[in-house]
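Starting from 1, each residue takes its place in the sequence as its number.
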Amino acid sequence: MSLMPKRKLKKVSPVSPVKFSLNFASVRKFSFIEPKQRFDNSKTDFCEYKVYPKITFNTKKSEILIVLIFFGFIKETSEKNLDGEALFIFKVEELERLVYSENEILKFINPNDHNLVLSLISISYSTLRGILFEKLKGTLYSGTLLEIINPQKLFEQRNVM
(Lines give C-alpha, C1' and ligand atoms only; values in the text may rest on other atoms or scores of the structure.)
Protein backbone atom coordinates (compact mmCIF):
# COMPACT_ATOMS: atom_id res chain seq x y z
CA MET A 1 0.00 0.00 0.00
CA SER A 2 1.40 3.37 -1.01
CA LEU A 3 1.07 6.30 1.34
CA MET A 4 2.12 8.84 -1.26
CA PRO A 5 -0.61 11.26 -2.28
CA LYS A 6 -1.87 11.05 -5.81
CA ARG A 7 -0.75 13.91 -8.02
CA LYS A 8 -2.36 15.15 -11.14
CA LEU A 9 -0.01 15.11 -14.07
CA LYS A 10 0.24 18.27 -16.09
CA LYS A 11 -0.62 18.00 -19.71
CA VAL A 12 2.44 18.76 -21.73
CA SER A 13 1.94 20.12 -25.20
CA PRO A 14 3.71 17.96 -27.74
CA VAL A 15 6.77 19.42 -29.34
CA SER A 16 6.85 18.87 -33.02
CA PRO A 17 10.30 17.99 -34.25
CA VAL A 18 11.90 20.14 -36.89
CA LYS A 19 12.44 18.20 -40.09
CA PHE A 20 15.43 19.08 -42.23
CA SER A 21 17.72 17.61 -44.84
CA LEU A 22 21.14 18.43 -46.22
CA ASN A 23 20.38 19.25 -49.85
CA PHE A 24 23.75 20.51 -51.05
CA ALA A 25 27.38 20.42 -49.92
CA SER A 26 30.27 21.78 -51.93
CA VAL A 27 33.73 23.24 -51.52
CA ARG A 28 33.42 26.46 -53.52
CA LYS A 29 36.94 27.68 -52.99
CA PHE A 30 40.06 25.67 -52.17
CA SER A 31 43.68 26.79 -52.25
CA PHE A 32 46.72 24.96 -50.90
CA ILE A 33 50.22 26.37 -51.33
CA GLU A 34 53.34 24.46 -50.36
CA PRO A 35 55.14 26.30 -47.53
CA LYS A 36 57.94 28.68 -48.48
CA GLN A 37 59.89 28.25 -45.25
CA ARG A 38 61.28 25.05 -43.78
CA PHE A 39 59.81 23.81 -40.51
CA ASP A 40 59.59 20.70 -38.36
CA ASN A 41 56.64 18.62 -39.58
CA SER A 42 57.61 15.51 -37.62
CA LYS A 43 54.89 16.32 -35.06
CA THR A 44 51.28 15.70 -35.98
CA ASP A 45 50.18 19.06 -34.58
CA PHE A 46 52.46 21.23 -36.77
CA CYS A 47 49.45 22.94 -38.36
CA GLU A 48 46.46 24.81 -37.06
CA TYR A 49 43.05 25.27 -38.65
CA LYS A 50 40.67 28.19 -38.22
CA VAL A 51 37.03 27.91 -39.26
CA TYR A 52 34.43 30.69 -39.31
CA PRO A 53 30.76 30.16 -40.19
CA LYS A 54 28.40 32.48 -42.02
CA ILE A 55 24.75 31.62 -41.53
CA THR A 56 21.92 32.93 -43.70
CA PHE A 57 18.25 32.09 -43.91
CA ASN A 58 16.12 31.95 -47.02
CA THR A 59 12.56 31.74 -45.72
CA LYS A 60 11.07 31.79 -49.24
CA LYS A 61 12.86 28.52 -50.05
CA SER A 62 12.80 27.24 -46.41
CA GLU A 63 16.58 26.97 -46.45
CA ILE A 64 19.40 27.64 -44.04
CA LEU A 65 22.74 28.23 -45.75
CA ILE A 66 25.94 27.67 -43.84
CA VAL A 67 29.23 28.78 -45.33
CA LEU A 68 32.34 27.57 -43.52
CA ILE A 69 35.40 29.66 -44.29
CA PHE A 70 38.58 27.80 -43.38
CA PHE A 71 42.28 28.56 -43.13
CA GLY A 72 45.34 26.43 -42.39
CA PHE A 73 48.55 27.72 -40.80
CA ILE A 74 51.98 26.30 -40.06
CA LYS A 75 52.33 26.94 -36.31
CA GLU A 76 56.11 27.32 -36.34
CA THR A 77 56.21 29.96 -39.09
CA SER A 78 52.65 31.41 -38.88
CA GLU A 79 52.50 30.94 -42.65
CA LYS A 80 48.96 30.60 -44.04
CA ASN A 81 48.99 28.04 -46.82
CA LEU A 82 45.46 26.68 -46.91
CA ASP A 83 42.24 28.57 -47.38
CA GLY A 84 38.84 27.84 -48.71
CA GLU A 85 35.12 28.01 -48.40
CA ALA A 86 32.48 25.30 -48.22
CA LEU A 87 28.74 25.76 -48.71
CA PHE A 88 26.05 23.63 -47.06
CA ILE A 89 22.36 24.13 -47.86
CA PHE A 90 19.77 22.63 -45.54
CA LYS A 91 16.07 22.42 -46.38
CA VAL A 92 14.03 23.05 -43.22
CA GLU A 93 10.32 22.25 -43.27
CA GLU A 94 8.18 25.20 -42.18
CA LEU A 95 11.17 27.45 -41.49
CA GLU A 96 8.87 30.47 -41.54
CA ARG A 97 7.19 29.28 -38.32
CA LEU A 98 10.55 29.27 -36.52
CA VAL A 99 11.95 32.70 -37.40
CA TYR A 100 10.91 36.35 -37.65
CA SER A 101 12.62 39.43 -39.03
CA GLU A 102 13.77 42.30 -36.81
CA ASN A 103 15.68 45.15 -38.47
CA GLU A 104 16.43 42.87 -41.43
CA ILE A 105 17.96 40.25 -39.10
CA LEU A 106 16.21 36.91 -38.77
CA LYS A 107 15.73 35.71 -35.21
CA PHE A 108 14.20 32.58 -33.78
CA ILE A 109 10.72 32.95 -32.31
CA ASN A 110 11.68 30.47 -29.60
CA PRO A 111 15.29 31.14 -28.49
CA ASN A 112 15.78 27.41 -27.88
CA ASP A 113 15.33 26.79 -31.60
CA HIS A 114 18.87 28.07 -32.14
CA ASN A 115 19.79 24.49 -31.23
CA LEU A 116 18.68 23.64 -34.76
CA VAL A 117 21.42 25.91 -36.12
CA LEU A 118 23.92 24.28 -33.74
CA SER A 119 22.95 20.88 -35.15
CA LEU A 120 23.33 22.13 -38.73
CA ILE A 121 26.72 23.69 -37.93
CA SER A 122 27.81 20.41 -36.37
CA ILE A 123 26.75 18.44 -39.47
CA SER A 124 28.47 20.97 -41.77
CA TYR A 125 31.67 20.98 -39.75
CA SER A 126 31.83 17.18 -39.54
CA THR A 127 31.26 16.95 -43.28
CA LEU A 128 34.01 19.52 -43.88
CA ARG A 129 36.39 17.43 -41.73
CA GLY A 130 35.90 14.48 -44.07
CA ILE A 131 36.11 16.59 -47.22
CA LEU A 132 39.40 18.18 -46.12
CA PHE A 133 40.82 14.84 -45.05
CA GLU A 134 40.28 13.57 -48.62
CA LYS A 135 41.32 16.77 -50.45
CA LEU A 136 44.56 17.05 -48.47
CA LYS A 137 45.78 13.50 -49.19
CA GLY A 138 49.21 13.62 -50.76
CA THR A 139 49.96 17.10 -49.39
CA LEU A 140 51.85 18.30 -46.37
CA TYR A 141 48.55 18.27 -44.44
CA SER A 142 47.85 14.63 -45.33
CA GLY A 143 46.47 12.82 -42.28
CA THR A 144 45.71 15.99 -40.32
CA LEU A 145 42.14 16.64 -39.24
CA LEU A 146 40.12 19.61 -38.13
CA GLU A 147 39.88 19.34 -34.37
CA ILE A 148 36.64 18.15 -32.81
CA ILE A 149 34.94 21.19 -31.32
CA ASN A 150 31.76 22.19 -29.57
CA PRO A 151 29.36 23.60 -32.22
CA GLN A 152 28.41 26.37 -29.78
CA LYS A 153 32.02 27.62 -29.96
CA LEU A 154 31.83 27.70 -33.74
CA PHE A 155 28.41 29.41 -33.61
CA GLU A 156 29.87 32.15 -31.41
CA GLN A 157 32.61 32.80 -34.01
CA ARG A 158 30.10 33.55 -36.79
CA ASN A 159 30.63 37.32 -36.50
CA VAL A 160 34.37 37.28 -35.78
CA MET A 161 35.62 37.72 -39.36
Side-chain angles (χ1 to χ4, degrees), residues 18-93 95-96 98-108 111-161:
V18 176
K19 295 180 183 177
F20 66 88
S21 61
L22 175 59
N23 283 5
F24 183 80
S26 175
V27 175
R28 300 191 309 184
K29 177 182 159 191
F30 182 83
S31 173
F32 177 79
I33 302 165
E34 288 294 332
K36 295 176 183 129
Q37 299 176 20
R38 297 184 62 85
F39 66 96
D40 178 13
N41 68 342
S42 62
K43 300 175 188 167
T44 56
D45 66 342
F46 68 89
C47 65
E48 181 178 352
Y49 292 102
K50 297 284 184 191
V51 179
Y52 301 95
K54 286 185 180 178
I55 304 158
T56 55
F57 297 85
N58 184 335
T59 53
K60 289 178 184 165
K61 292 184 174 182
S62 284
E63 292 177 339
I64 295 178
L65 288 74
I66 297 178
V67 175
L68 296 181
I69 299 162
F70 55 90
F71 304 99
F73 297 87
I74 305 296
K75 287 182 183 178
E76 191 176 304
T77 64
S78 299
E79 181 183 351
K80 181 177 98 170
N81 59 347
L82 170 68
D83 74 293
E85 187 176 290
L87 170 66
F88 302 89
I89 301 176
F90 293 89
K91 182 81 166 175
V92 180
E93 285 187 20
L95 179 61
E96 68 280 353
L98 302 174
V99 294
Y100 69 96
S101 180
E102 182 179 288
N103 298 326
E104 296 185 23
I105 297 172
L106 283 176
K107 296 187 175 189
F108 284 100
N112 289 330
D113 284 339
H114 98 282
N115 289 330
L116 169 64
V117 172
L118 293 180
S119 294
L120 301 182
I121 286 173
S122 182
I123 292 166
S124 301
Y125 185 83
S126 295
T127 304
L128 180 62
R129 288 182 81 221
I131 290 170
L132 287 179
F133 183 79
E134 282 299 311
K135 283 187 107 27
L136 293 169
K137 281 185 176 176
T139 71
L140 177 69
Y141 281 58
S142 186
T144 65
L145 283 172
L146 287 174
E147 66 179 315
I148 296 173
I149 63 166
N150 181 336
Q152 179 67 39
K153 179 182 170 188
L154 197 57
F155 178 75
E156 291 165 0
Q157 294 177 355
R158 71 192 182 284
N159 296 323
V160 171
M161 285 195 63

request  = Begin with the C-alpha distance, continue with both residues' side-chain angles, and end with the deciding distance and a verdict on side chain to side chain contact (heavy atoms under 4.5 Å, CB included) for Asp83 and Phe32.
outcome  = CA-CA 7 Å; Asp83 74 293; Phe32 177 79; over 6 Å; no
task = Quick one: pull up CG in Leu116 and CZ in Phe90 and give me the separation to the nearest 0.5 Å.
result = 9.0 Å
key: Partner residues of Glu79 under the side-chain hydrogen bond (donor to acceptor under 3.5 Å, both in side chains) criterion, sequence neighbours left out   = none
remark   = So CZ of Phe88 and CD1 of Ile55: to nearest 0.5 Å the spacing works out to 12.5 Å
key: Pairs flagged by salt bridge (charged side-chain N to carboxylate O under 4.0 Å, His left out) wherever residues 125-149 is involved - sequence neighbours left out   = Glu134-Lys137
ask   = If you round to the nearest 0.5 Å, how far is CD1 of Ile121 from NZ of Lys153?
value = 13.5 Å
note = Taken to the nearest 0.5 Å, the spacing of Leu87 CG from Thr56 OG1 works out to 8.5 Å
Could you list the donor-acceptor pairs under 3.5 angstrom formed between side-chain atoms of residues 60-73 and any protein atom two or more places apart in sequence or on another chain?
none

Which residues share a side-chain hydrogen bond (donor to acceptor under 3.5 Å, both in side chains) with Lys50, sequence neighbours left out = Glu48
remark   = salt bridge (Lys or Arg N to Asp or Glu O under 4.0 Å) filter on Glu93, not counting sequence neighbours, yields none
request  = May I ask you to test the Lys54-Glu85 pair for a side-chain heavy-atom distance under 4.5 Å?
outcome  = no
task = Check ring pair (Phe, Tyr, Trp, His ring centres under 6.0 Å) between Phe20 and all other residues, then give those that pass, not counting sequence neighbours.
result = none
ask   = Of all residues at least two apart in sequence or in a different chain, which pass the side-chain hydrogen bond (donor to acceptor under 3.5 Å, both in side chains) check with Tyr141?
value = Asn81
ask   = Is there a side-chain contact between Leu136 and Leu82, using heavy atoms and a 4.5 Å cut-off?
value = yes
Set of side chain to side chain contact (heavy atoms under 4.5 Å, CB included) partners for Ser21, sequence neighbours left out = Asn23, Lys91
ask   = What is the distance from atom CD1 of Ile131 to atom CZ of Phe133, rounded to the nearest 0.5 Å?
value = 13.5 Å
request  = Taking all heavy atoms of Leu154 and all of Val51, pick out the closest pair and write down the distance.
outcome  = CD1-O, 3.4 Å
query = Which atom pair, heavy atoms only, marks the closest approach of Leu22 to Ala25?
reply = CD2-CB, 4.5 Å
message = For Ile123, is there any backbone N or O sitting under 3.5 Å from a side-chain donor or acceptor partner on Thr127?
response = yes
remark   = Rounded to the nearest 0.5 angstrom, the NZ-CD1 distance for Lys80 and Ile74 is 13.0 Å
Any residue meeting salt bridge (Lys or Arg N to Asp or Glu O under 4.0 Å) with Glu96, in chain and number order, not counting sequence neighbours = none
task = Could you walk me through whether Leu118 and Gln152 pass side chain to side chain contact (heavy atoms under 4.5 Å, CB included), step by step?
result = CA-CA 6 Å; Leu118 293 180; Gln152 179 67 39; 3.3 Å; yes
query = Which residues pass the ring pair (Phe, Tyr, Trp, His ring centres under 6.0 Å) test with Phe57, sequence neighbours left out?
reply = Phe108
key: With sequence neighbours excluded, residues passing ring pair (Phe, Tyr, Trp, His ring centres under 6.0 Å) with Phe30   = none
query = Applying salt bridge (charged side-chain N to carboxylate O under 4.0 Å, His left out), which residue pairs with at least one partner in residues 115-124 are found, sequence neighbours left out?
reply = none
